[in-house]
Undergrad: 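Next up is a structure, given as structure tokens.
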Amino acid sequence: MSARLDWASTRAGPIRGELRVPGDKSVSHRAIMLAGLAEGVSEIEGFLEGEDTLATAAAFASMGVHIETPSPGRRRVHGVGLHGLAVPAGPIDCGNAGTGMRLLAGLLAGQAFDTTLIGDASLSARPMGRVIEPLRAMGASIEAQPGGFPPLLVHGGRAMRGLVHAPQVASAQVKSAILLAGLYARGTTEVREAHPTRDYSERMLAAFGWPVEFSPGRVRLEGGHRLDATDVVIPADFSSAAFFIVAASLVPGSDLLLRSVGVNPRRTGLLAALRMMGADITEQNPHEQGGERLADLRIRHAPLHGIDVPQALVADMIDEFPILFVAAAAASGSTRISGASELRVKESDRIASMARGLAALGVEVSEQADGALIRGGTIGSGRIEAAGDHRVAMSFAVAGLVADGEVEVGDCANVATSFPGFFDLANGSGFSIRAV
Ligand code: S3P
């Protein structure tokens with residue numbers, strides 16, 4: 001992780017122009033993993049040059065996968081085949097990335113060798129029992145720290161068997177860990193979800209030629225096939241676009257075009273929530289690329305009002321709650337968030353981080369176990385801590401745009417995990433953020 005960094009963000013704008021945010025984090029992790037396990041050479045375009053996905057690329061390089069970087073955002077991956085990974089020289093460091101660690105746990109459970117997965121302080125406090133339990137039921141041998149926390153020791157050489165599993169939590173990471181273990185398992189692996197989650201793993205497995213049946217909430221595959229190299233074009237990350245979507249909605253006079261954003265419906269719950277609040281967002285130039293839906297998003301300022309966020313939207317906007325808290329604080333009336341207790345186990349406890357930060361800016365927030373009630377109106381000035389959480393940091397940078405005075409955001413270095421270049425892109429489109 002980079003050195004500590006603090007920001008100060010002030011009222012500015014309007015937010016105007018055209019921009020493209022970096023590549024999707026979820027898709028970038030999966031592209032490296034499947035390309036690494038495929039037979040042949042895959043070209044990846046639009047790869048996220050963020051710390052999380054660089055850690056995943058480094059993990060595969062440490063297991064003998066040759067990965068070239070012809071230019072920023074491109075990778076040429078020389079796949080080693082499903083059984084071609086080599087024993088890494090030491091522990092694999094997943095950094096801040098829950099996706100990296102949980103998906104790797106599934107994939108490594110089927111290898112012939114042992115591996116240790118480690119992470120930073122935030123990742124070391126995140127629950128891994130949700131993947132360890134189903135993977136053990138498939139035959140894996142994984143040791144964790146008391147309470148199910150990293151580091152994880154994943155023993156290889158196990159005979160994996162298929163599993164039909166209905167996870168207790170709505171989690172694409174859990175689903176994906178099981179599917180990746182299922183590639184190495186005898187028989188059928190099936191995941192049934194009460195709330196469908198992002199389906200990138202299943203789509204990408206199909207693109208790499210693995211037979212997989214899926215529909216929202218259900219995915220099924222069998223072990224024993226092969227992955228064939230294919231080229232992957234990664235869409236711009238909706239979760240990074242979200243900060244600009246809310247910024248342009250909030251600042252009077254804004255009119256912003258975000259290019260080629262991934263609008264997979266399992267990711268765009270925020271659009272539905274913001275439209276219910278009165279936002280003016282149009283999708284232009286809809287098209288498909290590599291089986292994923294993309295569109296340009298045009299956002300014009302519109303006054304927002306509070307809503308009860310429907311629980312049915314929660315899984316489809318799970319990463320967007322920090323910025324929704326800010327939209328709610330700037331909106332007229334109250335917004336209620338519920339059914340979102342998963343936010344407590346993200347890169348930080350995002351209910352607590354956002355409630356504490358907004359309260360420090362004079363916003364009335366009452367925190368609940370599974371959400372919060374936010375009384376919108378005015379956002380004051382003050383200092384908040386991002387708690388090393390990238391999305392909390394960027395959300396409060398947006399809050400500064402509409403606050404009555406300066407918002408100081410402490411501990412922003414982790415923005416580089418998902419959105420390198422946010423600072424310049426934001427200031428170039430009308431924000432006023434400075435490093436302090
Ligand atoms: C992700 C799934 C989500 C999300 C995370 C990325 C993925 O986590 O919050 O940022 O790439 O599968 P959960 O599966 O824990 O909900």
Side-chain angles (χ1 to χ4, degrees), residues 22-34 47-48 50-53 55-56 94-107 119 122-123 125-135 148-150 165 167-180 191 193-205 214 217 219 232 234-235 237-243 262 264 266-270 292 313-324 339-351 353 370 389-392 394-395 414-415 417-419:
D24 190 279
K25 178 153 74 75
S26 294
V27 181
S28 294
H29 280 297
R30 289 159 171 83
I32 291 287
M33 292 181 185
L34 297 193
F47 179 72
L48 172 64
E51 289 170 1
D52 279 14
T53 44
T56 289
C94 301
N96 191 242
T99 305
M101 185 174 286
R102 293 195 178 114
L103 270 58
L104 275 170
L107 190 159
S122 152
L123 182 53
R126 295 183 67 187
M128 293 294 146
R130 54 183 57 197
V131 288
I132 295 171
E133 279 166 33
L135 292 173
F149 296 105
H165 187 65
Q168 306 253 306
V169 287
S171 167
Q173 294 177 358
V174 172
K175 171 175 66 177
S176 302
I178 295 168
L179 293 176
L180 291 172
V191 182
E193 300 181 293
H195 297 281
T197 61
R198 63 191 70 188
D199 53 7
Y200 298 124
S201 298
E202 32 285 52
R203 286 179 184 280
M204 205 180 285
L205 282 164
F214 62 97
V219 51
V232 182
I234 298 176
D237 196 322
F238 182 85
S239 295
S240 297
F243 304 104
N264 181 315
R266 297 280 75 83
R267 293 292 298 284
T268 50
L270 179 75
E292 281 299 329
L313 288 180
V314 168
D316 293 346
M317 55 181 291
I318 194 65
D319 291 335
E320 279 57 78
F321 280 96
I323 192 60
L324 183 82
S341 51
E342 269 297 295
L343 296 176
R344 297 219 177 259
V345 290
K346 293 295 179 187
E347 285 84 328
S348 69
D349 174 343
R350 286 182 170 160
I351 297 175
S353 306
D370 67 341
D389 184 327
H390 55 131
R391 300 201 200 285
V392 171
M394 290 183 275
S395 297
N414 265 4
V415 166
T417 59
S418 72
F419 199 159

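Atoms within each ligand, like the ligands themselves, are counted from 1 in listed order. All values below were derived from every heavy atom in this structure, side-chain atoms included, with hydrogens, water molecules and symmetry-related copies excluded.
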Undergrad: If you measure from atom 6 (C) of ligand 1 to every heavy atom of T99, V345, D237, which option wins on shortest distance?
TA: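 Residue with the shortest heavy-atom distance to the ligand atom: T99.
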Undergrad: Any N/O of S26 closer than 3.5 Å to an N/O of ligand 1?
TA: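 Between S26 and ligand 1, an N or O pair is found under 3.5 Å apart.
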Undergrad: Compare V131, D52, D319, V27 and give the one whose heavy atom is closest to atom 4 (C) of ligand 1.
TA: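 Looking at heavy atoms only, D319 sits closest to atom 4 (C) of ligand 1.
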Undergrad: Quick check on R30 - does any of its heavy atoms sit under 4.0 Å from an atom of ligand 1?
TA: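 Yes, that is the case, since the closest heavy atom of the residue is under 4.0 Å from the ligand.
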Undergrad: So I318 and R267, do their side chains get closer than 4.5 Å, heavy atoms only?
TA: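 Of all side-chain heavy-atom pairs linking I318 with R267, none is under 4.5 Å.
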Undergrad: Going by the atom numbers of ligand 1, which of them fall below 4.0 Å from some non-hydrogen atom of A172?
TA: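 What qualifies from ligand 1 is 12 (O), 14 (O).
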Undergrad: Is any side-chain heavy atom of D316 closer than 4.5 Å to a side-chain heavy atom of T268?
TA: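 A side-chain contact under 4.5 Å is absent here.
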Undergrad: Give a yes/no verdict on whether any heavy atom in H29 is under 4.0 Å from an atom of ligand 1.
TA: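 Flag not set, H29 not near ligand 1.
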Undergrad: Counting distance only, does the side-chain N/O of R344 pair as donor-acceptor with the main-chain N or O of I351 below 3.5 Å?
TA: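 Flag not set: sc R344 to bb I351 has no pair under 3.5 Å.
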Undergrad: What protein heavy atom sits nearest atom 14 (O) of ligand 1, and how far away is it?
TA: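 Residue, atom and distance for the closest contact: S171 OG, 2.7 Å.
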Undergrad: Is there a donor-acceptor contact under 3.5 Å from the side chain of S341 to the main chain of D370?
TA: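 The answer is no, because no donor-acceptor pair under 3.5 Å joins these two groups.
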Undergrad: On a heavy-atom basis, I'd like to know which of K346, E342, K175 is closest to atom 13 (P) of ligand 1.
TA: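 The option holding the nearest heavy atom is K346.
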Undergrad: Check whether any side-chain heavy atom of Q168 lies under 4.5 Å from a side-chain heavy atom of R130, and answer yes or no.
TA: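 No, side chains not in contact.
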Undergrad: List ligand 1 atoms under 4.0 Å from I318, heavy atoms only on the residue side.
TA: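 Taking each heavy atom of I318 in turn, ligand 1 has 9 (O) under 4.0 Å.
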Undergrad: Under 4.5 Å between any side-chain heavy atoms of V219 and D199, yes or no?
TA: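 A side-chain contact under 4.5 Å is absent here.
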Undergrad: Does the K25 side chain pair with the main chain of F419, one donor and one acceptor, at a distance under 3.5 Å?
TA: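 Checked: no pair found.
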